[in-house]
Protein chains: 2
Amino acid sequence: MPERPPPAANRPPTRRISLSVDVVLLTPHGRRLTTLLQRSADPRARERWELAWDAPHGEETIDDAAARVARTALGAAPALVEQVGAFGDRRRHPGGADVSIAYLALVPAGAPAPVGGDTAWFPVEELPALAPRQREMLDGALAAVRARLDQAPIAFRLLPPTFTLTQLQEVYELLLGRRLHKASFRRALQAAWLVEPTDEWRSEGRGRPAQLFRYAPRRRRGGRRGVRFDGLGG
Amino acid sequence: MPERPPPAANRPPTRRISLSVDVVLLTPHGRRLTTLLQRSADPRARERWELAWDAPHGEETIDDAAARVARTALGAAPALVEQVGAFGDRRRHPGGADVSIAYLALVPAGAPAPVGGDTAWFPVEELPALAPRQREMLDGALAAVRARLDQAPIAFRLLPPTFTLTQLQEVYELLLGRRLHKASFRRALQAAWLVEPTDEWRSEGRGRPAQLFRYAPRRRRGGRRGVRFDGLGG
DNA sequence: TCAATAGTGTCTGTTAGACATTATGGA
DNA sequence: TCCATAATGTCTAACAGACACTATTGA
(Lines give C-alpha, C1' and ligand atoms only; values in the text may rest on other atoms or scores of the structure.)
Protein backbone atom coordinates (compact mmCIF):
# COMPACT_ATOMS: atom_id res chain seq x y z
CA MET A 1 0.00 0.00 0.00
CA PRO A 2 1.63 3.25 -1.06
CA GLU A 3 2.13 6.06 1.43
CA ARG A 4 -0.63 8.61 0.95
CA PRO A 5 0.27 12.26 1.54
CA PRO A 6 -2.27 14.43 3.34
CA PRO A 7 -4.77 16.26 1.09
CA ALA A 8 -3.58 19.48 -0.51
CA ALA A 9 -3.59 22.28 2.05
CA ASN A 10 -6.48 24.67 1.60
CA ARG A 11 -4.43 27.80 1.10
CA PRO A 12 -5.18 30.20 -1.69
CA PRO A 13 -3.09 29.31 -4.75
CA THR A 14 -0.46 31.96 -4.13
CA ARG A 15 1.59 31.47 -7.28
CA ARG A 16 0.00 33.64 -9.94
CA ILE A 17 0.31 32.92 -13.62
CA SER A 18 -0.26 34.82 -16.85
CA LEU A 19 -3.40 33.91 -18.77
CA SER A 20 -4.58 34.53 -22.31
CA VAL A 21 -7.95 34.00 -23.95
CA ASP A 22 -7.59 32.99 -27.62
CA VAL A 23 -10.47 32.81 -30.08
CA VAL A 24 -10.74 30.62 -33.18
CA LEU A 25 -13.23 32.41 -35.46
CA LEU A 26 -14.67 30.14 -38.13
CA THR A 27 -16.82 30.79 -41.17
CA PRO A 28 -17.46 28.90 -44.41
CA HIS A 29 -16.14 30.40 -47.62
CA GLY A 30 -17.50 28.51 -50.59
CA ARG A 31 -16.71 24.88 -49.94
CA ARG A 32 -13.95 25.62 -47.47
CA LEU A 33 -13.88 26.30 -43.76
CA THR A 34 -11.85 29.40 -42.97
CA THR A 35 -10.47 30.94 -39.80
CA LEU A 36 -9.67 34.55 -38.96
CA LEU A 37 -6.04 35.46 -38.34
CA GLN A 38 -4.51 38.81 -37.50
CA ARG A 39 -1.04 40.17 -38.12
CA SER A 40 1.02 40.26 -34.97
CA ALA A 41 0.78 43.58 -33.15
CA ASP A 42 4.38 43.09 -32.04
CA PRO A 43 6.33 45.61 -34.18
CA ARG A 44 9.24 43.17 -34.38
CA ALA A 45 7.09 40.41 -35.90
CA ARG A 46 4.58 42.19 -38.12
CA GLU A 47 4.82 39.48 -40.78
CA ARG A 48 3.56 36.76 -38.41
CA TRP A 49 -0.10 35.77 -38.17
CA GLU A 50 -1.90 35.01 -34.92
CA LEU A 51 -5.26 33.93 -33.57
CA ALA A 52 -7.09 36.83 -31.94
CA TRP A 53 -6.21 36.86 -28.25
CA ASP A 54 -5.92 39.02 -25.16
CA ALA A 55 -5.66 38.79 -21.40
CA PRO A 56 -8.90 39.26 -19.46
CA HIS A 57 -9.47 42.85 -18.39
CA GLY A 58 -10.41 44.05 -14.91
CA GLU A 59 -13.49 42.23 -13.65
CA GLU A 60 -14.17 40.32 -16.87
CA THR A 61 -14.84 36.58 -16.70
CA ILE A 62 -13.05 34.45 -19.29
CA ASP A 63 -16.33 34.11 -21.23
CA ASP A 64 -16.65 37.91 -21.27
CA ALA A 65 -13.07 38.24 -22.48
CA ALA A 66 -13.65 35.72 -25.28
CA ALA A 67 -16.76 37.56 -26.46
CA ARG A 68 -14.86 40.85 -26.43
CA VAL A 69 -11.84 39.45 -28.29
CA ALA A 70 -14.14 37.93 -30.92
CA ARG A 71 -16.15 41.11 -31.34
CA THR A 72 -13.04 43.24 -31.61
CA ALA A 73 -11.39 41.04 -34.20
CA LEU A 74 -14.52 40.59 -36.31
CA GLY A 75 -16.05 44.03 -35.94
CA ALA A 76 -19.35 42.44 -34.93
CA ALA A 77 -20.64 39.78 -32.54
CA PRO A 78 -20.31 36.19 -33.79
CA ALA A 79 -23.32 33.86 -33.79
CA LEU A 80 -21.90 31.58 -31.09
CA VAL A 81 -18.91 31.65 -28.73
CA GLU A 82 -18.06 28.49 -26.83
CA GLN A 83 -15.09 27.32 -24.81
CA VAL A 84 -12.82 24.62 -26.22
CA GLY A 85 -10.47 24.08 -23.31
CA ALA A 86 -7.31 25.17 -21.51
CA PHE A 87 -3.87 24.77 -23.03
CA GLY A 88 -1.07 24.88 -20.51
CA ASP A 89 1.79 22.78 -21.84
CA ARG A 90 5.17 24.30 -22.57
CA ARG A 91 4.49 25.27 -26.16
CA ARG A 92 5.06 28.89 -27.10
CA HIS A 93 2.22 31.42 -27.07
CA PRO A 94 2.63 34.75 -28.89
CA GLY A 95 2.13 36.65 -25.62
CA GLY A 96 4.12 34.22 -23.54
CA ALA A 97 1.04 33.23 -21.53
CA ASP A 98 1.56 30.38 -19.06
CA VAL A 99 -1.97 29.09 -19.67
CA SER A 100 -4.30 29.89 -22.58
CA ILE A 101 -8.04 29.30 -22.79
CA ALA A 102 -9.22 28.53 -26.33
CA TYR A 103 -12.67 29.52 -27.55
CA LEU A 104 -14.35 28.84 -30.85
CA ALA A 105 -16.61 31.45 -32.44
CA LEU A 106 -18.92 30.78 -35.37
CA VAL A 107 -19.71 33.41 -37.98
CA PRO A 108 -22.52 32.98 -40.53
CA ALA A 109 -21.50 32.60 -44.15
CA GLY A 110 -21.65 35.86 -46.04
CA ALA A 111 -21.19 38.04 -42.99
CA PRO A 112 -19.27 41.21 -43.87
CA ALA A 113 -15.55 40.51 -43.85
CA PRO A 114 -13.24 42.58 -41.68
CA VAL A 115 -11.44 45.15 -43.79
CA GLY A 116 -7.77 46.03 -43.92
CA GLY A 117 -4.64 44.00 -44.49
CA ASP A 118 -4.15 43.20 -40.81
CA THR A 119 -6.98 40.65 -40.66
CA ALA A 120 -7.83 37.87 -43.11
CA TRP A 121 -9.72 34.60 -43.45
CA PHE A 122 -7.50 31.57 -44.21
CA PRO A 123 -8.73 28.13 -45.30
CA VAL A 124 -7.99 25.80 -42.40
CA GLU A 125 -6.03 23.46 -44.67
CA GLU A 126 -3.71 26.26 -45.84
CA LEU A 127 -2.64 28.13 -42.78
CA PRO A 128 0.51 30.18 -42.39
CA ALA A 129 2.90 29.29 -39.56
CA LEU A 130 1.46 29.94 -36.11
CA ALA A 131 2.90 29.84 -32.62
CA PRO A 132 2.80 26.17 -31.53
CA ARG A 133 0.33 26.85 -28.71
CA GLN A 134 -2.07 28.57 -31.10
CA ARG A 135 -1.69 25.86 -33.71
CA GLU A 136 -2.72 23.34 -31.03
CA MET A 137 -5.68 25.47 -30.01
CA LEU A 138 -6.85 25.77 -33.60
CA ASP A 139 -6.71 22.00 -34.09
CA GLY A 140 -8.56 21.59 -30.81
CA ALA A 141 -11.26 24.00 -31.92
CA LEU A 142 -11.75 22.14 -35.20
CA ALA A 143 -12.01 18.84 -33.36
CA ALA A 144 -14.51 20.38 -30.93
CA VAL A 145 -16.66 21.73 -33.77
CA ARG A 146 -16.83 18.29 -35.34
CA ALA A 147 -17.49 16.56 -32.02
CA ARG A 148 -20.30 18.98 -31.08
CA LEU A 149 -21.93 19.01 -34.49
CA ASP A 150 -24.66 16.63 -33.36
CA GLN A 151 -24.95 18.05 -29.84
CA ALA A 152 -25.40 21.76 -30.51
CA PRO A 153 -26.81 23.73 -33.45
CA ILE A 154 -23.30 24.34 -34.80
CA ALA A 155 -24.23 24.14 -38.47
CA PHE A 156 -27.02 26.70 -38.16
CA ARG A 157 -24.62 29.25 -36.65
CA LEU A 158 -22.51 29.02 -39.80
CA LEU A 159 -25.48 29.99 -41.96
CA PRO A 160 -27.64 33.11 -42.28
CA PRO A 161 -31.10 33.03 -40.62
CA THR A 162 -32.66 31.57 -43.76
CA PHE A 163 -30.86 29.09 -45.96
CA THR A 164 -31.46 26.35 -48.51
CA LEU A 165 -31.22 22.68 -47.60
CA THR A 166 -28.33 22.34 -50.04
CA GLN A 167 -26.45 25.04 -48.12
CA LEU A 168 -27.13 23.22 -44.86
CA GLN A 169 -25.94 19.94 -46.29
CA GLU A 170 -22.78 21.62 -47.60
CA VAL A 171 -21.98 22.90 -44.12
CA TYR A 172 -22.35 19.40 -42.71
CA GLU A 173 -20.14 18.03 -45.47
CA LEU A 174 -17.59 20.75 -44.78
CA LEU A 175 -17.40 19.93 -41.10
CA LEU A 176 -17.57 16.14 -41.45
CA GLY A 177 -15.15 16.08 -44.36
CA ARG A 178 -17.26 13.63 -46.38
CA ARG A 179 -20.14 13.70 -48.83
CA LEU A 180 -23.66 12.95 -47.60
CA HIS A 181 -26.58 11.39 -49.39
CA LYS A 182 -29.12 14.06 -50.34
CA ALA A 183 -32.32 12.09 -49.87
CA SER A 184 -31.16 10.53 -46.60
CA PHE A 185 -30.00 13.88 -45.27
CA ARG A 186 -33.39 15.45 -45.92
CA ARG A 187 -35.35 12.52 -44.53
CA ALA A 188 -33.36 12.57 -41.30
CA LEU A 189 -33.71 16.35 -41.09
CA GLN A 190 -37.48 16.13 -41.54
CA ALA A 191 -37.77 13.42 -38.91
CA ALA A 192 -35.84 15.58 -36.43
CA TRP A 193 -38.20 18.58 -36.81
CA LEU A 194 -35.27 20.99 -36.83
CA VAL A 195 -36.18 23.35 -39.66
CA GLU A 196 -39.33 24.87 -41.05
CA PRO A 197 -39.88 26.19 -44.58
CA THR A 198 -40.39 29.87 -45.26
CA ASP A 199 -42.43 31.00 -48.25
CA GLU A 200 -39.35 32.39 -49.95
CA TRP A 201 -37.40 30.82 -52.79
CA ARG A 202 -33.93 31.58 -54.01
CA SER A 203 -32.74 31.26 -57.57
CA GLU A 204 -28.98 30.95 -57.90
CA GLY A 205 -27.82 30.79 -61.48
CA ARG A 206 -29.03 27.89 -63.53
CA GLY A 207 -31.32 25.33 -62.01
CA ARG A 208 -34.62 25.24 -60.23
CA PRO A 209 -34.92 27.72 -57.32
CA ALA A 210 -34.55 26.30 -53.83
CA GLN A 211 -36.92 26.91 -50.95
CA LEU A 212 -35.53 28.81 -47.98
CA PHE A 213 -35.75 27.29 -44.50
CA ARG A 214 -35.11 28.58 -41.02
CA TYR A 215 -33.85 26.85 -37.88
CA ALA A 216 -36.93 26.17 -35.72
CA PRO A 217 -36.44 23.09 -33.51
CA ARG A 218 -39.59 21.41 -32.21
CA ARG A 219 -39.64 19.15 -29.18
CA ARG A 220 -38.06 15.79 -29.84
CA ARG A 221 -40.28 12.76 -30.32
CA GLY A 222 -38.96 9.35 -29.28
CA GLY A 223 -35.66 8.75 -27.51
CA ARG A 224 -32.22 7.97 -28.83
CA ARG A 225 -31.66 4.60 -30.38
CA GLY A 226 -28.73 2.30 -29.83
CA VAL A 227 -25.21 2.89 -28.62
CA ARG A 228 -22.42 4.01 -30.89
CA PHE A 229 -19.19 2.07 -30.58
CA ASP A 230 -17.58 3.97 -33.45
CA GLY A 231 -14.74 6.26 -32.58
CA LEU A 232 -13.35 3.88 -29.96
CA GLY A 233 -10.10 3.32 -31.82
CA GLY A 234 -7.27 2.80 -29.35
CA MET B 1 -20.49 49.46 -40.95
CA PRO B 2 -19.39 49.48 -37.31
CA GLU B 3 -16.16 51.12 -36.27
CA ARG B 4 -13.53 48.42 -35.81
CA PRO B 5 -10.93 48.92 -33.08
CA PRO B 6 -7.35 47.92 -33.87
CA PRO B 7 -6.39 44.31 -33.01
CA ALA B 8 -5.40 43.62 -29.43
CA ALA B 9 -1.87 44.82 -28.74
CA ASN B 10 0.68 42.03 -28.60
CA ARG B 11 2.00 42.71 -25.14
CA PRO B 12 2.51 39.95 -22.62
CA PRO B 13 -0.63 39.54 -20.49
CA THR B 14 0.76 41.44 -17.54
CA ARG B 15 -2.13 40.91 -15.14
CA ARG B 16 -1.46 37.63 -13.37
CA ILE B 17 -4.22 35.55 -11.90
CA SER B 18 -4.51 32.68 -9.43
CA LEU B 19 -5.16 29.26 -10.94
CA SER B 20 -6.35 25.96 -9.52
CA VAL B 21 -6.48 22.48 -11.03
CA ASP B 22 -9.49 20.49 -9.77
CA VAL B 23 -10.04 16.79 -10.36
CA VAL B 24 -13.35 14.91 -10.49
CA LEU B 25 -12.48 11.29 -9.67
CA LEU B 26 -15.19 8.84 -10.74
CA THR B 27 -15.71 5.15 -10.11
CA PRO B 28 -18.77 2.87 -10.19
CA HIS B 29 -20.02 1.49 -6.91
CA GLY B 30 -22.66 -1.13 -7.54
CA ARG B 31 -25.22 0.49 -9.81
CA ARG B 32 -24.21 4.01 -8.88
CA LEU B 33 -21.56 6.38 -10.14
CA THR B 34 -19.55 7.86 -7.29
CA THR B 35 -17.05 10.69 -6.97
CA LEU B 36 -14.21 11.22 -4.52
CA LEU B 37 -14.49 14.14 -2.10
CA GLN B 38 -12.09 15.27 0.60
CA ARG B 39 -12.69 17.17 3.79
CA SER B 40 -11.52 20.76 3.54
CA ALA B 41 -7.94 21.24 4.74
CA ASP B 42 -8.93 24.68 5.98
CA PRO B 43 -9.03 24.27 9.78
CA ARG B 44 -11.96 26.71 9.95
CA ALA B 45 -14.09 24.57 7.63
CA ARG B 46 -13.21 20.99 8.39
CA GLU B 47 -16.79 19.85 8.01
CA ARG B 48 -16.97 20.93 4.36
CA TRP B 49 -16.28 18.57 1.46
CA GLU B 50 -14.29 19.51 -1.65
CA LEU B 51 -13.11 18.11 -4.93
CA ALA B 52 -9.38 17.37 -4.86
CA TRP B 53 -7.53 20.44 -6.10
CA ASP B 54 -4.25 22.33 -5.97
CA ALA B 55 -2.34 25.05 -7.76
CA PRO B 56 0.31 23.87 -10.25
CA HIS B 57 3.76 23.56 -8.72
CA GLY B 58 6.98 24.98 -10.16
CA GLU B 59 7.49 23.85 -13.75
CA GLU B 60 4.46 21.54 -13.86
CA THR B 61 2.07 21.78 -16.79
CA ILE B 62 -1.64 21.75 -15.93
CA ASP B 63 -1.85 18.11 -17.13
CA ASP B 64 1.02 17.23 -14.79
CA ALA B 65 -0.71 18.99 -11.93
CA ALA B 66 -3.97 17.15 -12.58
CA ALA B 67 -2.22 13.78 -12.61
CA ARG B 68 -0.48 14.63 -9.35
CA VAL B 69 -3.65 15.85 -7.63
CA ALA B 70 -5.48 12.69 -8.71
CA ARG B 71 -2.68 10.39 -7.60
CA THR B 72 -2.38 12.15 -4.25
CA ALA B 73 -6.09 12.02 -3.49
CA LEU B 74 -6.53 8.41 -4.62
CA GLY B 75 -3.25 6.96 -3.39
CA ALA B 76 -2.66 5.46 -6.84
CA ALA B 77 -2.76 6.54 -10.48
CA PRO B 78 -6.24 6.55 -12.08
CA ALA B 79 -6.87 4.74 -15.37
CA LEU B 80 -7.47 7.95 -17.32
CA VAL B 81 -7.10 11.68 -16.67
CA GLU B 82 -8.62 14.10 -19.16
CA GLN B 83 -9.34 17.80 -19.19
CA VAL B 84 -12.95 18.98 -18.98
CA GLY B 85 -12.49 22.73 -19.36
CA ALA B 86 -11.76 26.04 -17.67
CA PHE B 87 -14.16 27.63 -15.21
CA GLY B 88 -13.62 31.32 -14.70
CA ASP B 89 -16.92 32.89 -13.80
CA ARG B 90 -17.44 34.65 -10.49
CA ARG B 91 -18.58 31.61 -8.53
CA ARG B 92 -16.66 30.79 -5.38
CA HIS B 93 -13.79 28.31 -5.37
CA PRO B 94 -12.55 26.85 -2.05
CA GLY B 95 -9.10 28.31 -2.65
CA GLY B 96 -10.38 31.55 -4.10
CA ALA B 97 -8.84 30.79 -7.50
CA ASP B 98 -9.68 33.28 -10.24
CA VAL B 99 -9.73 30.52 -12.83
CA SER B 100 -10.00 26.74 -12.29
CA ILE B 101 -9.23 23.97 -14.75
CA ALA B 102 -11.43 20.90 -14.26
CA TYR B 103 -10.20 17.39 -15.02
CA LEU B 104 -12.01 14.10 -14.86
CA ALA B 105 -10.23 10.97 -13.70
CA LEU B 106 -11.60 7.45 -14.09
CA VAL B 107 -10.93 4.69 -11.57
CA PRO B 108 -11.73 1.03 -12.28
CA ALA B 109 -14.49 -0.55 -10.21
CA GLY B 110 -13.17 -2.46 -7.23
CA ALA B 111 -9.94 -0.47 -6.98
CA PRO B 112 -8.76 -0.15 -3.36
CA ALA B 113 -10.59 2.70 -1.67
CA PRO B 114 -8.64 5.49 0.00
CA VAL B 115 -8.57 5.02 3.74
CA GLY B 116 -9.32 7.47 6.49
CA GLY B 117 -12.29 9.68 7.25
CA ASP B 118 -10.93 12.62 5.25
CA THR B 119 -11.70 11.06 1.88
CA ALA B 120 -14.84 9.28 0.73
CA TRP B 121 -16.77 8.22 -2.39
CA PHE B 122 -20.21 9.87 -2.74
CA PRO B 123 -22.94 8.83 -5.20
CA VAL B 124 -23.22 11.68 -7.69
CA GLU B 125 -26.95 12.01 -7.02
CA GLU B 126 -26.42 12.45 -3.28
CA LEU B 127 -23.64 14.95 -2.86
CA PRO B 128 -23.02 17.17 0.13
CA ALA B 129 -22.87 20.93 -0.42
CA LEU B 130 -19.89 22.03 -2.47
CA ALA B 131 -18.43 25.42 -3.37
CA PRO B 132 -20.44 26.67 -6.37
CA ARG B 133 -17.43 26.62 -8.70
CA GLN B 134 -16.71 22.99 -7.81
CA ARG B 135 -20.35 21.99 -8.16
CA GLU B 136 -20.27 23.45 -11.68
CA MET B 137 -17.06 21.59 -12.47
CA LEU B 138 -18.52 18.32 -11.26
CA ASP B 139 -21.60 18.73 -13.43
CA GLY B 140 -19.35 19.61 -16.34
CA ALA B 141 -17.26 16.49 -15.76
CA LEU B 142 -20.36 14.27 -15.74
CA ALA B 143 -21.61 15.86 -18.95
CA ALA B 144 -18.17 15.37 -20.52
CA VAL B 145 -18.08 11.70 -19.53
CA ARG B 146 -21.44 11.12 -21.18
CA ALA B 147 -20.52 13.11 -24.27
CA ARG B 148 -17.21 11.29 -24.75
CA LEU B 149 -18.59 7.83 -24.06
CA ASP B 150 -18.69 6.98 -27.75
CA GLN B 151 -15.52 8.87 -28.66
CA ALA B 152 -13.04 7.45 -26.15
CA PRO B 153 -12.81 4.14 -24.25
CA ILE B 154 -14.41 5.70 -21.17
CA ALA B 155 -16.37 2.64 -20.11
CA PHE B 156 -13.33 0.35 -20.17
CA ARG B 157 -11.45 2.68 -17.80
CA LEU B 158 -14.19 2.18 -15.25
CA LEU B 159 -13.71 -1.61 -15.30
CA PRO B 160 -10.89 -3.94 -14.33
CA PRO B 161 -8.74 -5.40 -17.17
CA THR B 162 -11.11 -8.33 -17.58
CA PHE B 163 -14.85 -8.04 -17.15
CA THR B 164 -18.12 -9.68 -18.12
CA LEU B 165 -20.34 -8.24 -20.85
CA THR B 166 -23.04 -7.66 -18.26
CA GLN B 167 -20.60 -5.51 -16.26
CA LEU B 168 -19.75 -3.54 -19.39
CA GLN B 169 -23.41 -3.02 -20.21
CA GLU B 170 -24.08 -1.88 -16.64
CA VAL B 171 -21.38 0.78 -16.96
CA TYR B 172 -22.96 2.06 -20.15
CA GLU B 173 -26.37 2.10 -18.48
CA LEU B 174 -24.89 3.94 -15.51
CA LEU B 175 -23.39 6.66 -17.68
CA LEU B 176 -26.27 6.97 -20.14
CA GLY B 177 -28.90 6.85 -17.42
CA ARG B 178 -31.12 4.40 -19.31
CA ARG B 179 -31.48 0.66 -19.80
CA LEU B 180 -30.07 -0.95 -22.91
CA HIS B 181 -31.24 -3.99 -24.80
CA LYS B 182 -28.94 -6.93 -24.07
CA ALA B 183 -28.97 -8.64 -27.44
CA SER B 184 -28.59 -5.36 -29.36
CA PHE B 185 -25.78 -4.26 -27.09
CA ARG B 186 -23.83 -7.44 -27.72
CA ARG B 187 -24.44 -7.45 -31.44
CA ALA B 188 -23.19 -3.86 -31.76
CA LEU B 189 -20.20 -4.67 -29.57
CA GLN B 190 -19.29 -7.67 -31.66
CA ALA B 191 -19.62 -5.69 -34.89
CA ALA B 192 -17.27 -3.03 -33.52
CA TRP B 193 -14.46 -5.51 -32.72
CA LEU B 194 -13.78 -3.83 -29.39
CA VAL B 195 -13.41 -6.77 -27.01
CA GLU B 196 -12.02 -10.28 -27.19
CA PRO B 197 -12.95 -13.22 -24.99
CA THR B 198 -10.52 -14.70 -22.50
CA ASP B 199 -10.74 -18.37 -21.55
CA GLU B 200 -11.85 -17.51 -18.04
CA TRP B 201 -15.37 -17.64 -16.64
CA ARG B 202 -16.80 -16.06 -13.55
CA SER B 203 -19.56 -17.46 -11.42
CA GLU B 204 -21.32 -14.86 -9.29
CA GLY B 205 -23.99 -16.34 -7.08
CA ARG B 206 -26.85 -18.08 -8.75
CA GLY B 207 -26.99 -18.32 -12.51
CA ARG B 208 -24.81 -19.54 -15.34
CA PRO B 209 -21.20 -18.27 -15.18
CA ALA B 210 -20.26 -15.43 -17.53
CA GLN B 211 -17.28 -15.38 -19.82
CA LEU B 212 -14.62 -12.73 -19.12
CA PHE B 213 -13.57 -10.33 -21.88
CA ARG B 214 -10.80 -7.82 -22.28
CA TYR B 215 -10.66 -4.53 -24.17
CA ALA B 216 -8.79 -5.23 -27.42
CA PRO B 217 -9.88 -2.88 -30.20
CA ARG B 218 -9.24 -4.02 -33.78
CA ARG B 219 -9.10 -1.67 -36.75
CA ARG B 220 -12.45 -0.33 -37.75
CA ARG B 221 -14.16 -1.74 -40.80
CA GLY B 222 -16.46 0.51 -42.80
CA GLY B 223 -17.09 4.19 -42.13
CA ARG B 224 -19.71 5.95 -40.09
CA ARG B 225 -23.26 5.88 -41.35
CA GLY B 226 -25.69 8.74 -41.40
CA VAL B 227 -25.83 11.99 -39.52
CA ARG B 228 -27.30 12.35 -36.05
CA PHE B 229 -29.71 15.21 -35.58
CA ASP B 230 -30.53 14.16 -32.03
CA GLY B 231 -29.39 16.44 -29.25
CA LEU B 232 -30.13 19.58 -31.25
CA GLY B 233 -32.79 20.77 -28.87
CA GLY B 234 -32.79 24.53 -28.85
C1' DT C 1 -34.11 22.64 -76.79
C1' DC C 2 -30.51 21.46 -73.30
C1' DA C 3 -28.13 21.89 -68.95
C1' DA C 4 -28.32 22.35 -64.19
C1' DT C 5 -30.16 22.15 -59.79
C1' DA C 6 -34.27 21.08 -56.48
C1' DG C 7 -37.04 17.81 -54.59
C1' DT C 8 -39.26 13.14 -54.08
C1' DG C 9 -40.71 8.04 -54.58
C1' DT C 10 -39.21 3.34 -54.42
C1' DC C 11 -36.29 -0.48 -53.52
C1' DT C 12 -32.89 -2.99 -50.77
C1' DG C 13 -29.58 -4.20 -47.31
C1' DT C 14 -28.55 -3.16 -42.45
C1' DT C 15 -29.69 -2.57 -37.82
C1' DA C 16 -32.24 -1.83 -33.26
C1' DG C 17 -35.49 -3.67 -30.32
C1' DA C 18 -38.90 -7.31 -28.91
C1' DC C 19 -39.46 -11.93 -27.97
C1' DA C 20 -38.47 -16.54 -27.35
C1' DT C 21 -35.40 -20.31 -26.58
C1' DT C 22 -31.44 -22.83 -25.11
C1' DA C 23 -27.40 -23.31 -21.85
C1' DT C 24 -25.46 -23.82 -17.39
C1' DG C 25 -24.69 -23.09 -12.98
C1' DG C 26 -26.43 -22.84 -7.61
C1' DA C 27 -30.00 -23.67 -4.05
C1' DT D 1 -36.32 -30.13 -9.17
C1' DC D 2 -36.64 -24.97 -9.57
C1' DC D 3 -34.62 -20.56 -10.16
C1' DA D 4 -31.45 -17.24 -11.87
C1' DT D 5 -28.42 -15.61 -15.13
C1' DA D 6 -25.82 -16.13 -19.69
C1' DA D 7 -25.99 -16.36 -24.46
C1' DT D 8 -28.13 -16.61 -28.87
C1' DG D 9 -31.68 -17.18 -32.81
C1' DT D 10 -35.67 -15.13 -35.14
C1' DC D 11 -38.93 -11.70 -36.42
C1' DT D 12 -40.23 -6.91 -37.45
C1' DA D 13 -40.08 -2.04 -37.88
C1' DA D 14 -37.08 1.68 -38.79
C1' DC D 15 -33.50 3.54 -41.37
C1' DA D 16 -29.51 4.56 -44.58
C1' DG D 17 -27.98 4.57 -49.10
C1' DA D 18 -28.67 3.77 -54.13
C1' DC D 19 -31.23 4.87 -58.01
C1' DA D 20 -34.46 6.88 -60.73
C1' DC D 21 -37.66 10.09 -61.74
C1' DT D 22 -40.20 14.58 -61.92
C1' DA D 23 -40.08 19.78 -61.43
C1' DT D 24 -38.47 24.24 -62.55
C1' DT D 25 -35.50 27.52 -63.82
C1' DG D 26 -31.60 29.93 -67.09
C1' DA D 27 -28.92 29.69 -71.22
Side-chain angles (χ1 to χ4, degrees), chain A residues 30-31 109 149-150 159-160 162-173 176-214 220-232, chain B residues 30-31 149-150 159 162-173 176-214 220-232:
Chain A
R31 290 197 174 255
L149 185 58
D150 55 353
L159 289 172
T162 66
F163 46 84
T164 68
L165 297 188
T166 299
Q167 280 183 297
L168 181 60
Q169 182 174 344
E170 279 172 357
V171 169
Y172 271 92
E173 291 176 343
L176 294 172
R178 62 192 171 99
R179 301 302 305 271
L180 297 173
H181 190 265
K182 183 165 74 163
S184 293
F185 182 81
R186 290 173 185 220
R187 258 181 319 200
L189 194 60
Q190 191 147 37
W193 292 88
L194 280 180
V195 299
E196 69 183 16
T198 69
D199 49 7
E200 290 179 275
W201 299 73
R202 170 185 302 162
S203 179
E204 321 198 43
R206 293 271 256 152
R208 168 177 170 179
Q211 190 167 18
L212 291 177
F213 289 76
R214 74 166 62 87
R220 207 75 38 246
R221 48 184 56 184
R224 298 178 161 56
R225 274 165 52 101
V227 190
R228 291 245 163 153
F229 293 114
D230 313 321
L232 300 189
Chain B
R31 290 197 176 254
L149 184 58
D150 55 351
L159 289 172
T162 66
F163 47 84
T164 68
L165 297 187
T166 299
Q167 280 184 295
L168 181 62
Q169 182 174 344
E170 279 172 357
V171 169
Y172 271 92
E173 292 176 343
L176 293 173
R178 61 193 170 99
R179 301 301 307 269
L180 297 173
H181 191 266
K182 183 163 74 162
S184 293
F185 181 83
R186 292 175 184 217
R187 256 182 320 205
L189 194 62
Q190 190 147 39
W193 292 88
L194 280 181
V195 299
E196 68 182 18
T198 70
D199 50 6
E200 289 178 274
W201 300 73
R202 171 184 303 161
S203 180
E204 322 199 42
R206 291 271 260 156
R208 168 176 170 181
Q211 190 166 17
L212 291 176
F213 289 75
R214 75 167 61 87
R220 208 77 39 244
R221 48 184 55 183
R224 298 176 161 58
R225 277 165 52 102
V227 189
R228 291 245 163 154
F229 292 114
D230 313 320
L232 299 189

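Numbered from 1 within each chain, the chains take letters A, B, ... in sequence-line order. Because the structure is a prediction, the values reported are computed rather than measured.
Atom CZ in B:Phe185 sits about 16 Å away from atom C1' in D:dT8, given to the nearest Å. Rounded to whole Å, atom C1' of C:dA6 lies 17 Å from atom CG of A:Leu180. Taking atom CG on A:Leu189 and atom C1' on D:dA16, their separation rounds to 15 Å, with Å as the unit. Between B:Arg224 atom CZ and C:dT14 atom C1' the separation is 17 Å, expressed in whole Å. The nearest whole Å value for the distance from the CZ atom in A:Arg179 to the P atom in D:dA18 is 12 Å. Whole-Å rounding puts the B:Arg202 CZ to D:dA7 P distance at 12 Å. If you take CD of B:Gln167 and P of D:dA7, they are 11 Å apart, rounded to a whole angstrom. Rounded to whole angstrom, the span from the CZ atom of A:Arg186 across to the P atom of C:dT5 amounts to 13 Å.
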Give every donor-acceptor pair under 3.5 Å between a side-chain atom in residues 164-172 of chain B and any protein atom, sequence neighbours left out.
unit_1, atom_1, unit_2, atom_2, d
B:Thr164, OG1, B:Gln167, N, 3.1
B:Thr166, OG1, B:Arg186, NH2, 3.3
B:Gln167, OE1, B:Thr164, N, 3.0
B:Gln167, OE1, B:Arg202, NH1, 3.1
B:Gln169, NE2, B:Glu173, OE2, 3.1
B:Gln169, NE2, B:Leu180, O, 3.0
B:Glu170, OE2, B:Arg31, NH2, 2.9

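Nearest-nucleotide mapping onto DNA chain D: of B:Val227 and B:Phe213, the residue sitting toward the 5' end is B:Phe213. Residues A:Arg178 and B:Gln190 each lie close to DNA chain D; by heavy-atom proximity, the contact nearer the 5' end of the strand is made by B:Gln190.
Residue B:Thr166 has a polar side-chain atom (N or O) positioned under 4.0 Å from OP1 or OP2 of D:dA6.
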For nucleotides 9-15 of chain D, which of its nitrogen or oxygen atoms have a protein nitrogen or oxygen under 3.5 Å away, and what is each distance?
none

Please list, for nucleotides 1-4 of chain C, all pairs of protein and nucleotide N/O atoms separated by less than 3.5 Å.
unit_1, atom_1, unit_2, atom_2, d
C:dA3, O3', A:Arg206, NH2, 3.3

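At the heavy-atom level, A:Glu204 lies nowhere under 4.0 Å from the strands shown.
Between the side chain of A:Ser184 and the base of D:dG17, a donor-acceptor pair under 3.5 Å is found.
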